[in-house]
Amino acid sequence: MAHDFPAHDKRMGASAHKKHPLAFFKDWFLAGMVTCVVLATLFPDVGKTGGAIHADELANWGVAAIFFFHGLGLSWNNLRNGLLAWRVHILVQAMTFVVFPILTFAFCFVAADTLGIIRPELALGFYFLGALPSTISSSVAMTAAARGNIPAAIFNASISSLLGIFLTPLLIGIFAHTTGEPLPLSQTIFDLFTLLFLPFLVGQALRGVLAKYFEPFKKYVNMFDKIVILLIVFSAFSDSVARGLWTNFGLVVLVQTGVGAAVVLFLALTISRTAARALKFGTEDEIAAVFCGSKKTLASGIPMARVIFGAAAISGEIDIGLLVLPIMFYHQLQLFVCSIIASRYAKRDNGGDHYNGGGNNYAHNSGNSPATTNPFATTNPATTKGGNA
């Protein structure tokens with residue numbers, strides 16, 4: 001749940017959009033995730049629950065710190081500016097917490113129950129992906145790069161992250177009951193509240209006192225987010241390897257996860273764009289709806305997985321390392337694909353007319369879309385490289 005919105009940089013003009021999308025795959029965060037998986041494979045006893053460095057306890061403290069810092073850093077002024085685009089809000093939140101869960105549930109039913117081509121544990125991971133809230137910083141950055149409705153993007157991405165603290169465990173509970181594995185819902189929500197929402201509220205309460213002292217360090221919060229995520233990935237995969245992740249599953253699981261994540265992303269982008277056009281959104285509103293409605297958060301997702309499934313993981317009932325594979329794959333795919341789409345949207349003329357430059361036509365006539373002249377207009381999607389989920 002990162003709130004580190006992209007800052008305006010006068011050095012970033014039209015040339016900023018020319019950066020090759022493969023740049024997303026050259027950053028240290030992706031390399032760090034791969035390294036954590038490798039280290040967990042080689043030294044599972046170091047990072048597993050109760051292991052040498054007690055990575056599980058360190059991760060819990062890190063997660064609480066993340067939400068405290070974002071409570072300090074989040075201003076409600078930008079959110080108020082997006083309140084008027086209510087049709088965009090309804091579509092984005094419906095995509096995030098209604099369409100996406102239905103989509104991934106259907107995917108799990110076909111792939112796991114009907115065809116039997118993926119394991120039930122991986123199916124749960126895909127449904128967990130569908131139940132997660134949207135990202136914040138990358139959604140806003142992509143919307144800005146594509147010259148979309150920035151206030152609406154900020155509002156929807158931020159509200160989605162807050163709603164997810166309560167709606168994600170509810171949705172997981174529904175799925176768990178359908179699979180015969182009931183989730184202790186009240187305890188899960190309480191754990192999420194104390195570990196995630198309470199630190200956030202404390203940060204908000206102290207914002208008036210500490211905000212000016214926190215401001216110089218705000219730029220480091222994004223890096224801290226990623227470090228904590230890497231610690232959680234290392235801990236989760238250490239537990240998984242100790243229980244035989246690679247010996248029992250292997251390369252086939254990785255291929256299944258990658259293909260599944262690509263299918264889900266394609267469907268999410270297609271549905272969100274089609275719905276926006278059916279509702280006759282202007283181009284700027286469509287951009288916000290597509291990017292906010294199709295993204296899922298890694299930054300909040302992995303901590304949530306640890307809280308929601310922590311007890312089941314300790315008892316060996318659920319493999320968290322396997323469960324978070326879909327969101328890890330989806331995260332990188334959404335950054336790469338959405339950067340290309342943002343570039344296509346940005347190439348439309350200044351009047352907001354549709355982009356006709358070959359391939360798929362990702363934007364249409366702007367209609368009554370509100371003006372969004374703002375300092376983010378030249379932001380490059382690569383400013384969020386690595387994923388700030």
Side-chain angles (χ1 to χ4, degrees), residues 1-12 27-29 32 57-83 133-144 150-166 191-232 292 295 297-304 306-307 374-376 379-389:
M1 176 176 150
H3 301 274
D4 192 14
F5 301 137
H8 176 57
D9 188 343
K10 293 181 179 179
R11 296 171 297 176
M12 296 172 60
D27 71 286
W28 66 270
F29 182 62
E57 296 180 14
L58 290 174
N60 284 340
W61 284 103
V63 169
I66 284 175
F67 279 79
F68 172 75
F69 290 145
H70 290 309
L72 275 179
L74 177 62
S75 169
W76 290 99
N77 291 333
N78 286 329
L79 301 185
R80 294 192 194 102
N81 293 333
L83 282 173
S134 179
T135 68
I136 293 185
S137 63
S138 60
S139 293
V140 175
M142 296 293 182
T143 301
I150 308 299
I154 294 174
F155 177 85
N156 279 287
S158 301
I159 290 301
S160 173
S161 291
L162 295 178
L163 290 175
I165 294 177
F166 302 99
D191 290 342
L192 284 172
F193 179 83
T194 54
L195 189 62
L196 307 183
F197 198 52
L198 185 59
F200 179 83
L201 290 178
V202 172
Q204 278 283 293
L206 296 177
R207 179 174 168 78
V209 178
L210 299 180
K212 62 181 179 181
Y213 303 105
F214 175 70
E215 192 64 29
F217 302 97
K218 193 174 180 180
K219 59 185 177 182
Y220 300 110
V221 172
N222 186 21
M223 180 179 293
F224 181 77
D225 286 357
K226 295 175 182 177
I227 291 173
V228 173
I229 292 171
L230 293 179
L231 179 61
I232 295 173
C292 295
K295 285 181 171 291
T297 175
L298 178 71
S300 293
I302 293 184
M304 281 186 175
R306 183 173 190 82
V307 176
N374 59 79
F376 296 118
T379 305
N380 180 7
T383 58
T384 58
K385 65 181 182 178
N388 203 9

Heavy atoms of S134 and C292 approach each other most closely as OG-O, 3.0 Å
Provide the closest heavy-atom pair for A64 versus P199 in the form atom of the first, atom of the second, distance. O-CB, 3.3 Å
For the atom pair CZ (F68) and CG (L198), what is the distance rounded to the nearest 0.5 Å? 11.0 Å
Is the F69 ring parallel, tilted or perpendicular to the F224 ring (thresholds 30°, 60°)? perpendicular
If we ignore hydrogens and angles and just use 3.5 Å, is the side chain of T143 paired with the main-chain N or O of A153 as donor and acceptor? no
